[in-house]
There are 2 protein chains.
Amino acid sequence: MRRDIFQAIADPTRRSIIALIAVQAMTPNAIAENFDITRQAVSKHLRILSECDLLKQEQQGREIYYQLEIDKMKEIDQWLEQYRQIWESRFDQLDTYLAKLQKDKKQ
Amino acid sequence: MRRDIFQAIADPTRRSIIALIAVQAMTPNAIAENFDITRQAVSKHLRILSECDLLKQEQQGREIYYQLEIDKMKEIDQWLEQYRQIWESRFDQLDTYLAKLQKDKKQ
DNA sequence: AATTTGCGAAACCAAATAGTTGCATATATA
DNA sequence: TATATATGCAACTATTTGGTTTCGCAAATT
């Protein structure tokens, strides 16, 4: 079973859960109140998010508080870095122009 | 059919295709040479990436050059922004500490 | 003109996904 | 002690996904 952060954030419900938890740690029941799906479905999302280390748990009696592991989000940022370099570069447009010249040459 | 950029980058093959095309525009055949799947499978990935405006096409005779629409990648960056604010903030640790105090109070 | 090449579309398939219901268990509370 | 609550897990289901093979078409090549 593939389980990485990109697959984790692919689901819109999971992105909403991440946004919720980013503000403050919450229990599965409290989270589920914000969605139209069952608590069990939320629990499965929490498991998926936990499996790729996006969440950490803290048990408080019979309640479990889920909290966002914000550092893990940096992985996406790191992946984006290579593309950020492209769009921030002023040579960007030049490259495109050169590629077009290359293609036109073939015609 | 759901089709957004987060679902598009969820697949590792598609992320590789994005990385390839980021360097220079390529034809489906040329892209497929880099993978162990059929050209048709690559074509389906290209369609998915195109459907969420991550790629643009340029026809050159019977060849089609696919190019990365780098601006679209900024959407991910924008989504990350809210979390970047969290991890870059020095109040980050304070918030966590306050949340813990809150929870401990309940015990 | 006949053939090869580059491509997309369609039909099909196995596996993964996101949801459900039902259940077991541990902790609070009456 | 009996009951209510919070949670995770398992079994099941419909849909989506990522791949395949087969096909048709248009552009290049012979």
Side-chain angles (χ1 to χ4, degrees), chain A residues 1-18 20-21 24-52 54-67 102-107, chain B residues 1-21 24-67 102-107:
Chain A
M1 191 193 311
R2 182 164 57 85
R3 193 64 77 205
D4 62 45
I5 195 169
F6 294 101
Q7 194 238 349
I9 64 166
D11 184 82
T13 302
R14 281 198 289 271
R15 287 201 301 279
S16 296
I17 290 176
I18 290 173
L20 265 178
I21 293 190
Q24 62 171 359
M26 292 175 76
T27 66
N29 264 319
I31 296 167
E33 280 170 12
N34 295 274
F35 301 96
D36 286 335
I37 56 177
T38 61
R39 174 192 58 79
Q40 286 90 336
V42 169
S43 234
K44 285 177 79 171
H45 284 306
L46 293 174
R47 196 161 78 93
I48 290 169
L49 291 170
S50 296
E51 277 173 2
C52 62
L54 263 169
L55 301 185
K56 54 187 168 192
Q57 311 178 16
E58 193 167 339
Q59 188 103 24
Q60 299 281 339
R62 66 181 165 182
E63 294 183 326
I64 300 176
Y65 282 84
Y66 283 86
Q67 188 167 15
Q102 193 79 4
K103 275 180 288 176
D104 290 343
K105 207 174 58 183
K106 288 187 183 171
Q107 279 184 324
Chain B
M1 192 192 313
R2 181 165 58 85
R3 193 64 76 207
D4 63 45
I5 194 170
F6 293 102
Q7 195 238 347
I9 64 166
D11 184 81
T13 302
R14 283 197 289 271
R15 287 200 300 279
S16 296
I17 289 176
I18 290 174
L20 264 179
I21 293 189
Q24 62 172 359
M26 292 175 77
T27 66
N29 264 318
I31 296 166
E33 281 172 11
N34 295 273
F35 300 96
D36 286 336
I37 56 177
T38 62
R39 173 191 60 80
Q40 286 89 337
V42 168
S43 236
K44 286 177 79 171
H45 284 306
L46 293 175
R47 196 160 79 93
I48 290 170
L49 292 169
S50 297
E51 276 173 2
C52 63
D53 303 319
L54 263 169
L55 301 185
K56 53 187 168 192
Q57 311 178 17
E58 194 168 337
Q59 188 102 25
Q60 300 282 339
R62 67 181 165 180
E63 295 184 325
I64 299 176
Y65 282 85
Y66 284 87
Q67 188 169 16
Q102 194 78 3
K103 275 179 288 175
D104 290 343
K105 206 174 60 182
K106 287 186 183 171
Q107 280 184 321

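Chain letters run A, B, ... following the sequence lines, proteins first, then strands; residues in each count from 1.
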Requested in this report: Could you check which of dA18(C), dA9(C), dG6(C) has an atom nearest any side-chain atom of Arg47(B)?
Outcome: dA9(C)
Query raised in the report: Which atom pair, heavy atoms only, marks the closest approach of Arg15(A) to Ala10(A)?
Result: NH1-O, 3.1 Å
Requested in this report: Walk me through it: do Tyr66(A) and Val42(A) pass the test side-chain contact (heavy atoms from CB on, under 4.5 Å)?
Outcome: CA-CA 12 Å; Tyr66(A) 283 86; Val42(A) 169; over 6 Å; no
**Report entry** Whole-Å distance separating the CD1 atom of Ile64(A) from the P atom of dC9(D)
**Finding:** 9 Å
Query raised in the report: Please give, in whole Å, the distance from dG8(D) C1' to Glu51(A) CD?
Result: 13 Å
Query raised in the report: Are Tyr66(B) and dG8(C) close enough that a side-chain N or O sits under 4.0 Å from OP1 or OP2?
Result: yes
Query - Atom pair distance, as rounded to whole Å: CG in Asp11(A) and P in dT15(D) - result: 17 Å
Report summary line: Ser43(A) has its side chain closest, among dG8(D), dT7(D), dG19(C), to dG8(D)
Requested in this report: For Glu33(A), check side-chain contact (heavy atoms from CB on, under 4.5 Å) against everything at least two apart and list the hits.
Outcome: none
Query - Interatomic distance where CG belongs to Asp4(A) and P belongs to dT17(C) [whole Å] - result: 10 Å
Query raised in the report: With the threshold set at 4.0 Å, does a side-chain nitrogen-carboxylate oxygen contact exist between Lys44(A) and Asp11(A)?
Result: no
Query raised in the report: In whole angstrom, what separates Glu33(B)'s CD from dT5(C)'s C1'?
Result: 13 Å
Report task. Round to the nearest Å and state the distance from Gln7(A) atom CD to dA15(C) atom P. Result -> 17 Å
Requested in this report: Ignoring backbone atoms, establish whether Asn29(B) has a side-chain N or O less than 4.0 Å from OP1 or OP2 of dC7(C).
Outcome: yes
Report summary line: Nearest heavy-atom contact between Leu49(A) and Ala8(A) is CD2-CB, 4.1 Å
**Report entry** d(CE, Met26(A); C1', dT7(D)) in whole Å
**Finding:** 15 Å
Query - Results of side chain to side chain donor-acceptor pair (under 3.5 Å) for Arg14(B) - residues two or more places apart only - result: His45(B)
Report summary line: Letter by letter from the 5' end, nucleotides 20-30 of chain D scores (B base, S sugar-phosphate only, - none; protein heavy atoms under 4.0 Å) BBB----BS--
Requested in this report: Rounded to the nearest angstrom, tell me the gap between atom NE2 in His45(B) and atom P in dT17(D).
Outcome: 12 Å
Report task. Using a 4.5 Å cut-off on heavy atoms from C-beta on, say whether the side chain of Leu46(B) contacts that of Ile21(B). Result -> yes
Report task. Would you indicate what Phe35(B) reaches in the nucleic acid, counting non-hydrogen atoms under 4.0 angstrom: base, sugar-phosphate, or nothing? Result -> nothing
